[in-house]
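Here, residue 1 is the first one in the sequence, and each next residue gets the next number. As the structure lists them, so they are numbered: ligands from 1, and atoms in each ligand from 1.
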Amino acid sequence: MIANFTSEVLPGSFSQYFSILVPSYFLIYLPTRFIYRLYFDALSGIPGPKPRLFSDLLTRVYNLATGRSGLLIFRLREWHDQYGPIVRLSSNEVHINDIDTYNQIFKVATNYPKTKFYYSSPSTKHSLLDLRDFHAVHLRRSALQPYFSKGSVRKLEGLIQTKIDQFLDRLSESKDVINISRGFRCLTCDVITTYSYEKCFEALSHPTFSPDWLVALEDLISTAQLTVALPGLTITMQWIFQNIIGRERAKKISPNVANAMEFEEHCRIAVLKQQERWNAGERNLVTIFEQLFQGDEKKGRKAATKDELAGEALLTVAAGMDTTGHTLTVATYNLVKYPEIQEKLLKELMTVMPHPKSEIKEEILDRLPFLQACLKESLRFSHGVSNPLARDVPPTGANILGYDLPPGTITMNSHYIYHTNSTVFPDPLRWNPGRWSGPDEKVKQMDNYFMPFSRGARICIGLNLAWAEMLLTLARLVRRFEITYSEDFADSNMEWVSMFVPVTKGMLTVNVKERKE
Ligand code: HEM
């Protein structure tokens, strides 16, 4: 009956329609739209690589399939050299290389919200990362920020020091080659989980610093690019794994996915248990979520939902572990590579740490200029979030670098591009902490181009914690140990691609020996 109906109303079979529609789409619709984008739409005057305008989806899928997604960041430099400070990347996206524009977009009172498309990961849904509304962001951040102030971090310094003790003792006991890339991540994970919700994940206790979930997260990080290319696909896959397949069966299909699910579940359980204790009247918890457990009527903030707490619990670990760990890896790799720089740092450390195992406070290290310079240079090289940061042009539209951009145009800025500007940082790919002790004017200019934690309303919430962890770890590591690369380590291990965060080709593997004095 239905067949009769369709053949009467719509003469011809489905395959006939299909054989007309598909070629029309590729031979007429796409080329016409391409010409429109090239010559007539609102962004048509902005220079850039033209083939990318043919189809955003096909470009993303092509880049993903050919492994170019993670290398886009390096092409951006070439495109800016060729086309100038603003480059059109797709139908609706421009990439910018202009520090004044960056400072406008990333200011405290910004009206450029985060671009939903690039920040919607199912795992961090309901978390701060996913919020775009400025008032909602302000409320959430003001509930979390007090726990990350310099004063709060100093109060919990004992906790950080205890984890560093454990880490250094583990290095000392090790008879084998040490995968210190993972070691640093275990350290930062144990710090952030204890600091955030008292539930230390005990990653440092793993004999080779390789707990299953850490290795799983390492393997799954490449799905960050899949999420960018085909967001719907990852959301659907995650939903299927969570709601249909379940963790037990997932173990057989993909142990990595099962381990990552288990990790998420650990974070969720940890924070919800704290909430229960808080609701039962316990008030002496070490937690960054206390203000989220309760609402604040005066400010118009409701108590966080269970999903919001779980999202936040996962976000703090995800945001605080790899970033800090990777910067420490970059610092260590380069200090071993340049022994004369390591020697200079060691001499400075000896002025405040007379013995290899001397105790030291962060506030003292905060005053050591060469240690600061080594860390700044490592942050310049490690690029925290290495993918371009995407922000939408506000409803009023914007004029950027002489071009009128309509509301909703996506602006992209990459810290990598600013951090490797060869006019500001001569010989930019050389790790050279000495550059930070140049003349004041020069350092001021470098500081203007240095934004590892981003800037403005969405600046990294954990920067004081990260800074304290990095100062203490690096100082105590270098003061206590002579470090050498392991025999099978190659410089190429440190080559990286961008998967939202930088992912190195291999690991930094080292041998360590206790210093005698
Ligand atoms: C070297 C270490 C770190 C670097 C380089 C770094 C870098 C960054 C950057 C660039 C952003 C902005 C991302 C964007 O707008 O897309 C960010 C956001 C964030 N970071 Fe960090 N981060 C570090 C450590 C930490 C730590 C230890 C925490 C611990 C809680 C943390 C928590 C966060 C959070 C929650 C956000 C999201 C803020 C928001 O969306 O408003 N980060 N970080």
> Between the main-chain N or O of Arg277 and the side-chain N or O of Glu282, is there a donor-acceptor pair closer than 3.5 Å?
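No; zero donor-acceptor contacts below 3.5 Å.
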
> Under 6.0 Å from the ring centre and within 45 degrees of the ring axis: does the NZ or CZ of Arg380 meet both conditions for the six-membered ring of Phe425?
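Yes, a cation-pi geometry holds between Arg380 and Phe425.
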
> Would Val137 count as a contact of ligand 1 if the rule is a heavy atom under 4.0 Å away?
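No.
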
> Using a plain distance cutoff, I'd like to know if Thr324 has any nitrogen or oxygen under 3.5 Å from a nitrogen or oxygen of ligand 1.
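The answer is no, given that Thr324 and ligand 1 share no N or O pair closer than 3.5 Å.
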
> Do Thr323 side-chain atoms and Gly384 backbone N/O form a donor-acceptor pair below 3.5 Å?
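It does not hold such a pair.
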
> In terms of atom number and element, which parts of ligand 1 are under 4.0 angstrom from non-hydrogen atoms of Leu128?
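Once the distances to Leu128 are compared, the set is 38 (C), 39 (C), 40 (O), 41 (O).
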
> Can you report which non-hydrogen protein atom sits closest to atom 10 (C) of ligand 1, along with the distance?
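I find the closest protein heavy atom is Pro452 O, 3.3 Å.
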
> Identify, for atom 38 (C) of ligand 1, the protein heavy atom at the shortest distance, and state residue, atom and that distance.
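Answer for atom 38 (C) of ligand 1: Arg141 NH1, 3.5 Å.
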
> Taking 4.0 angstrom as the limit and counting only heavy atoms of Leu379, give me the atoms of ligand 1 inside it, by number and element.
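In order of numbering, the contacting atoms are 1 (C).
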
> Would you say the ring centers of Trp436 and Phe450 fall short of 6.0 Å from each other?
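Yes, the ring of Trp436 comes within the 6.0 Å limit of the ring of Phe450, centre to centre.
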
> How about Tyr333 and Tyr485: are their ring centres within less than 6.0 Å of each other?
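Yes.
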
> Carefully, step by step, assess Asp130 and Lys116 under the rule side chain to side chain contact (heavy atoms under 4.5 Å, CB included).
CA-CA 7 Å; Asp130 202 37; Lys116 194 162 181 52; 4.2 Å; yes

> Between Phe167 and Phe184, is the ring centre distance below 6.0 Å?
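Between Phe167 and Phe184, the centre distance is under 6.0 Å.
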
> Under the rule for side-chain contact (heavy atoms from CB on, under 4.5 Å), what residues qualify as partners of Glu495, not counting sequence neighbours?
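Applying side-chain contact (heavy atoms from CB on, under 4.5 Å) to Glu495 gives Ser492, Lys505.
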
> Would you please classify the geometry between the Tyr416 ring and the Phe74 ring as parallel, tilted or perpendicular, with 30° and 60° separating the classes?
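Judged by the thresholds at 30° and 60°, the geometry between Phe74 and Tyr416 is perpendicular.
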
> Within a distance under 4.0 Å of any heavy atom of Phe148, pick out the atoms of ligand 1 and give their elements.
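Close to Phe148: 30 (C).
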
> Any N or O on His415 sitting closer than 3.5 Å to an N or O of ligand 1?
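Among all N and O atoms of His415, none is under 3.5 Å from an N or O of ligand 1.
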
> Identify, for atom 14 (C) of ligand 1, the protein heavy atom at the shortest distance, and state residue, atom and that distance.
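Answer, as residue, atom name and distance: Tyr119 OH, 3.3 Å.
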
> Between Glu308 and Thr305 (side chain of the first, backbone of the second, donor and acceptor by atom type, cut-off under 3.5 Å), is there such a pair?
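Between the backbone of Thr305 and the side chain of Glu308 there is a qualifying donor-acceptor contact (under 3.5 Å).
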
> With atoms numbered from 1 as shown, which atoms in ligand 1 lie under 4.0 angstrom from a non-hydrogen atom of Thr327?
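Near Thr327, meaning under 4.0 Å from one of its heavy atoms, ligand 1 has 1 (C).
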
> Could you list all the ring pair (Phe, Tyr, Trp, His ring centres under 6.0 Å) pairs where at least one residue sits in residues 90-140, not counting sequence neighbours?
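Checked against ring pair (Phe, Tyr, Trp, His ring centres under 6.0 Å) - neighbours excluded - the pairs reaching residues 90-140 are His80-His95, Tyr102-Phe106, Tyr102-His415, Tyr102-Tyr418.
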
> To check your reading of the model: name the closest protein heavy atom to atom 15 (O) of ligand 1, its residue, and the distance in Å.
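So the nearest neighbour among protein heavy atoms is Arg391 NH2, 2.8 Å.
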
> Pull up every protein N/O/S atom sitting under 2.8 Å from atom 21 (Fe) of ligand 1, skipping waters.
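Result, waters dropped: Cys460 SG.
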
> Which residues pass the side-chain contact (heavy atoms from CB on, under 4.5 Å) test with Ser69, sequence neighbours left out?
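For Ser69 the side-chain contact (heavy atoms from CB on, under 4.5 Å) partners, ignoring immediate neighbours, are Asn63, Leu64, Gln225.
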
> Between the main-chain N or O of Thr509 and the side-chain N or O of Asn179, is there a donor-acceptor pair closer than 3.5 Å?
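Looks like no, no N/O pair under 3.5 Å.
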
> Could you find the nearest protein heavy atom to atom 40 (O) of ligand 1 and give me its residue, atom name and distance?
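In this structure, atom 40 (O) of ligand 1 has Lys114 NZ, 2.8 Å as its nearest protein heavy atom.
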
> Show which atoms of ligand 1 fall inside a sub-4.0 Å distance from at least one heavy-atom site of Leu389.
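Contacts of ligand 1 toward Leu389, numbered from 1: 14 (C), 15 (O), 16 (O).
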
> What protein heavy atom sits nearest atom 29 (C) of ligand 1, and how far away is it?
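Closest protein heavy atom to atom 29 (C) of ligand 1: Ile192 CD1, 3.7 Å.
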
